Structures are given as structure tokens and as C-alpha cells.
Amino acid sequence: MEHTANTLYRSLPQVGELLDSAESAALIDAYSRDLVANAARTVLARVREEIRLGRHDTTSLQGWRAEMWRAMEQELRTNLQPSLRRVINATGVILQTNLGRAPLSKAALAQVVEVASGYCNLEIDLDTGARSRRDVHVERLILDVLALRSGAAMGSLHVKLGAAVVNNCAAATFLALNTMAEGGEVIVSRGELVEIGGGFRVPDILRKSGATLREVGTTNRTRIADYEGAITPESQLILRVHRSNFRIEGFTEQPTLHELIELGAKHNIPVFEDQGTGCVVTLSDYGVQDETSWLASCTSGAALIAASGDKLLGGPQCGLLVGDRAAIERIRKNPLFRALRVDKLTYAALQSTLLAYLAGDQESLPTIHMMRLPAAEIQRRCDVMAAALHADRIEAEVVATGSVVGGGTTPGATLPSFAVAVRHAAMSEGEIATALRHAEPPVVTRTMGGLVVLDLRTVEPADDVVLIELLRSHLGGTESIARGNAVERAHEARR
Ligand SMILES: *Cc1c(COP(=O)(O)O)cnc(C)c1O
């Protein structure tokens with residue numbers, strides 16, 4: 001055995017030998033000598049490992065040699081592709097942080113291309129030629145949207161409120177705490193000392209902001225009297241954190257935001273809410289129950305509200321701070337504001353997103369559109385897909401399921417939806433899911449009771465045909481290579 005392995009190792013070509021061969025010349029021409037050498041080293045290291053694991057004999061190694069050039073070319077191609085790329089989201093989770101949260105609208109994308117392809121007036125006032133602030137481009141729009149959606153008079157809202165934008169809601173919260181409460185105490189309920197996701201924990205961010213945590217109440221019950229009892233001359237801020245990714249049910253109590261604001265007013269302590277969702281539509285119109293909204297919070301009289309741009313607002317990743325003018329001015333003066341500022345791509349996409357609400361065209365935002373899709377329409381698409389798969393003798397059925405808004409919003413709420421569930425005699429559900437993740441483009445699915453489930457709510461209708469072809473080539477019988485090519489063509493045509 002030892003002897004055989006050594007013989008096999010010795011029979012492998014050297015990198016230099018490979019590079020000097022005739023087959024290499026074309027590859028070196030297309031790529032470069034260094035890249036081809038790297039690819040050769042990778043492919044050789046892989047086969048050495050296979051030999052070490054006892055997976056080769058003389059015959060199989062001959063097979064490997066015949067395939068070696070193809071493997072090198074594949075390696076070269078993979079290495080020159082961006083690793084971040086589009087995937088098809090068949091999970092039915094509309095805002096999936098791992099899949100990039102809100103997809104941008106066509107208008108937002110076009111605006112990003114327009115603004116970023118050349119120069120733009122990011123910080124110049126085109127009327128006077130003087131330097132201006134980058135966030136003037138969205139402040140008015142944010143307030144316009146809030147006024148329009150809340151039915152408030154635009155003028156009065158603009159006099160009272162200001163808005164600023166940073167990298168994400170975590171940054172907005174950090175900046176708010178640092179600006180409003182550094183060196184002082186922040187009063188917060190024990191039921192809100194939560195982890196928002198991605199390791200963002202409220203107590204940790206509070207500590208880092210330089211504020212001292214003053215916990216009140218218990219995990220399930222906190223009363224307004226608990227807040228009031230904790231007020232000292234050191235109290236700088238009352239913090240409210242929206243429980244956006246979980247629910248506490250049963251014997252619970254929590255003061256309303258309004259009660260907190262009243263208490264704050266009585267003691268001259270501002271209230272800051274980490275609201276998170278950025279929702280300005282009425283979720284019950286979409287069949288989703290949620291007790292809070294960014295819109296309601298921003299017009300509540302709280303000193304400052306933080307929300308994400310890429311959750312229910314349906315825009316780019318950013319953190320939106322809305323609050324009374326004095327608080328927003330303090331935010332802008334904090335040197336950390338400069339460190340957390342966003343770039344022109346974000347402003348371009350955010351402006352277009354906000355403009356969609358102003359134009360009453362929020363359905364053009366994919367997040368809103370996907371929430372709105374009627375289950376019956378999704379079912380129709382599932383029927384078509386299942387029929388196409390049956391024609392190829394693939395085991396597929398249409399099942400009722402629930403889509404999730406997700407992304408740390410509306411915990412527990414589901415939207416009735418339909419999915420295509422697939423099965424394969426020779427593959428486990430894990431194997432099917434893995435094969436689909438390795439497809440081109442990759443497909444992310446859910447597994448449920450031994451089946452791989454594709455919820456079409458989060459799949460662009462134009463991708464249905466791509467999905468059918470991918471399922472055929474991975475779960476169908478023969479001709480898979482020809483079908484693989486058809487997938488590539490469908491994919492190309494889509495671009
Ligand atoms: C999602 C969320 C955050 C984090 O937002 P990012 O934009 O991901 O930084 C913070 N607070 C609440 C309440 C959230 O829902």
C-alpha cells in the first residue's frame with residue numbers, strides 16, 4: 001500500500017513540466033504563466049490528497065491525467081470570477097440577511113449606475129458652487145415620505161424633525177447612544193437587552209458607546225414606574241429597543257413608546273428608539289401583524305429613532321436616524337458621524353427608494369412587491385413548474401407553505417404561499433440542496449419533512465424557467481449535460 005502510494009506520487013507530473021507542455025501554451029496565452037502555475041499546483045495538491053486517502057490506483061490516475069487540463073481550466077475560470085454573485089432565493093424569506101436583505105428596485109439600480117459611472121454633486125451646491133453636506137440629498141426626502149405616509153403636514157414635520165444617514169442601524173444606534181449619553185446613564189428594560197443578530201448585542205453596544213447601562217424591570221414585565229424609579233441626575237437617555245426578531249408571549253408588560261416619551265418630558269430626559277424595521281407601509285394591508293412601525297415612531301415625539309434602510313423600507317444597507325432638529329444636529333457634530341458616513345452609491349439608491357414612496361409607486365420596490373404577491377398567483381407559477389418537472393419524470397408536488405418577511409422584522413408572522421417540493425430516489429434532501437447551491441446560478445432552498453421546498457414568492461418570475469432547467473439538469477435522468485448548457489443559455493439570455 002505504502003509502496004503503491006509512493007509509486008503513484010512519483011508518477012505525477014511536476015509543475016514545471018506541465019507549464020512547458022504544449023497543452024499549457026493555450027492556457028498561458030489566455031491567462032498568464034503565474035496563474036496557470038497556481039492552478040497546476042492546486043490541481044496537483046488535490047490529487048496528492050486523493051492518493052493519500054487511498055482513492056487512486058494506476059488506472060484511475062490515468063483517468064485523472066486525461067481530465068487534468070480541464071480541471072486546471074475550471075480552476076482558472078473559478079479563480080477569476082467574483083465570489084460575491086447573484087443567487088436565486090427560493091427560501092420564501094423576503095428579507096434574508098445572509099442573502100443580502102432587500103433587493104433594490106430597477107430605478108434605484110439605474111440611479112446607482114448613473115451617479116457612480118462618473119462624477120456627481122455629492123457635496124457641492126450646484127446653485128452657489130459652494131461645498132455642501134452629502135446628507136442634504138436625502139434628509140428632505142426622508143421627511144417628505146414620513147409626512148406623506150403619516151398624513152402630517154409636510155411643512156410642520158420639516159420644521160420639527162431632521163434626518164441623517166449612516167452605515168447601518170447598528171451604527172445609527174451606536175452613534176445615538178454615544179452622542180446622547182456618553183459618560184451618563186441609559187435606562188433600558190431587561191426585556192430589551194437583546195441580541196439583534198450577527199452578534200449585535202444591545203448591552204455591548206451600550207458599553208462601547210461610553211454610556212452606563214441602567215437596567216430596569218424583568219425579562220417579561222417592565223412598568224413605567226420601573227423607569228421612573230431608576231431616574232437619577234446621571235440619567236441621560238431612555239432607550240427603547242424594538243423586539244424585532246423574537247416575541248415574548250404570555251404574562252408580559254411593557255410601557256408604550258408614548259408613555260416613555262411622557263415620562264421623559266416630565267424629567268427632561270430624551271427618548272431614543274432603536275426601531276429597526278424602517279417600515280412605512282401599513283403591514284396589516286399585507287396580512288402581516290406587527291405592533292410597531294418606523295412611521296409611527298418617527299412621528300411620536302421621541303427625540304431620536306434609528307432604523308435600517310434594507311429591511312422593510314426596501315432600500316440599500318444604511319442606518320436612518322430621524323429625530324428632533326437639535327438631536328440630529330448633535331449627531332452631525334459628533335466626529336464619529338464622519339467615520340460612519342455612507343457613500344454616493346447608498347445615497348443614490350436610497351433617494352430612488354424614497355422617491356418611489358413619494359410617487360405612490362412603492363410596488364416597484366421588490367420587498368414591497370413580494371409581500372403583496374397573492375398566494376394564488378404563486379400557486380399558478382408552482383403548478384406550471386411542477387407540470388414541467390413531471391414531464392421529465394421528476395418527483396415534484398405543489399405544497400402550501402408560509403413565506404416569512406424575515407431579516408429581524410415581524411417575528412412569527414407568515415404570508416400564505418405555495419412552493420414546489422422535490423424529491424429524488426437516489427439523493428437525500430441535503431444532497432439536493434447542496435447540488436442546487438452549487439448550480440449556476442446558485443439556488444438557496446428550504447428543506448421540510450424530507451423534501452426540498454422552493455417557495456416562489458421570493459423568486460423573480462423571470463427566474464422560474466431558469467429554476468426549471470436547473471432542476472431538470474440536477475434531478476432529471478439523462479441528457480444532463482445538454483440541459484446544463486440550456487441553463488447557461490437561459491442564464492445568459494436573462495442578463
Ligand atoms: C435589524 C435591527 C438592527 C440592526 O440593523 P442593521 O441595519 O443590520 O445594523 C438593530 N436594531 C433593531 C431593532 C433591528 O431590527
Side-chain angles (χ1 to χ4, degrees), residues 93-104 138 142 163-178 180 186 188-209 211 213 237-248 254 257 260 271-281 283 288 290-298 300 302 304-323 331 336-337 339-343 345-347 349-350 353 367 404-413:
V93 182
I94 296 174
L95 295 169
Q96 164 66 275
T97 301
N98 302 346
L99 301 181
R101 287 201 191 148
L104 294 177
V138 293
I142 291 172
V165 177
V166 289
N167 259 306
N168 50 34
C169 185
T173 298
F174 174 69
L175 186 59
L177 292 168
N178 178 265
M180 311 284 284
V186 174
V188 59
S189 160
R190 289 196 171 85
E192 295 169 19
L193 290 174
V194 299
E195 176 166 326
I196 303 297
F200 175 62
R201 290 182 161 182
V202 173
D204 294 342
I205 205 97
L206 252 164
R207 216 169 298 122
K208 282 284 181 195
S209 74
L213 182 66
L237 195 68
I238 296 172
L239 168 64
R240 153 64 50 100
V241 184
H242 179 213
R243 290 172 187 153
S244 49
N245 53 2
F246 71 110
R247 264 199 316 214
I248 299 184
Q254 186 187 35
L257 180 61
L260 291 179
V271 174
F272 164 62
E273 184 185 43
D274 175 12
Q275 197 278 331
T277 71
C279 183
V280 288
V281 297
L283 279 177
V288 179
D290 187 46
E291 60 295 345
T292 71
S293 88
W294 182 53
L295 184 62
S297 294
C298 288
S300 67
L304 211 50
I305 308 288
S308 287
D310 55 353
K311 290 186 179 172
L312 288 169
L313 187 71
Q317 179 193 300
C318 59
L320 306 160
L321 279 163
V322 172
I331 291 282
L336 286 172
F337 181 57
L340 301 174
R341 80 178 184 192
V342 298
D343 71 336
L345 308 186
T346 304
Y347 281 120
L350 182 58
T353 304
T367 304
V404 182
V405 180
T409 65
T410 66

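Quantities reported herein were computed from a predicted structural model and do not represent experimental measurements. Remember, it's 1-based here, ligands and their atoms both numbered in the order they're listed.
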Any side-chain heavy-atom pair of Val342 and Leu350 under 4.5 Å: no
Any N/O pair Cys169/ligand 1 closer than 3.5 Å: yes
Close approach of Thr173 to ligand 1, heavy atoms, under 4.0 angstrom: no
Under the side chain to side chain contact (heavy atoms under 4.5 Å, CB included) test, residues paired with Arg207 that sit two or more places apart: Pro203, Asp204
Per-atom contacts, ligand 1 versus His242 - under 4.0 Å to a heavy atom: 13 (C)
Side chain, backbone, both or neither: the part of Arg101 lying under 4.0 Å from ligand 1 by heavy atom: side chain
Close N or O approach (Ala170, ligand 1; < 3.5 Å): yes
Sub-4.5 Å side-chain heavy-atom contact between Pro316 and Leu104: yes
Atom of Ile205, atom of Ala170 and distance for their closest heavy-atom approach: CD1-O, 4.3 Å
Min N/O separation Asp310 to ligand 1 under 3.5 Å: no
Stepwise side chain to side chain contact (heavy atoms under 4.5 Å, CB included) check, Val281 with Leu312: CA-CA 8 Å; Val281 297; Leu312 288 169; over 6 Å; no
Residue-ligand contact Gln317/ligand 1, heavy atom below 4.0 Å: no
Close side-chain approach of Thr277 and Gln275, heavy atoms under 4.5 Å: yes
Whether Arg243 side chain and Val194 backbone form a donor-acceptor pair below 3.5 Å: no
Polar contact flag for Thr277 and ligand 1 (N/O pairs, less than 3.5 Å): no
Structural part of Lys311 in contact with ligand 1, heavy atom criterion under 4.0 angstrom: side chain
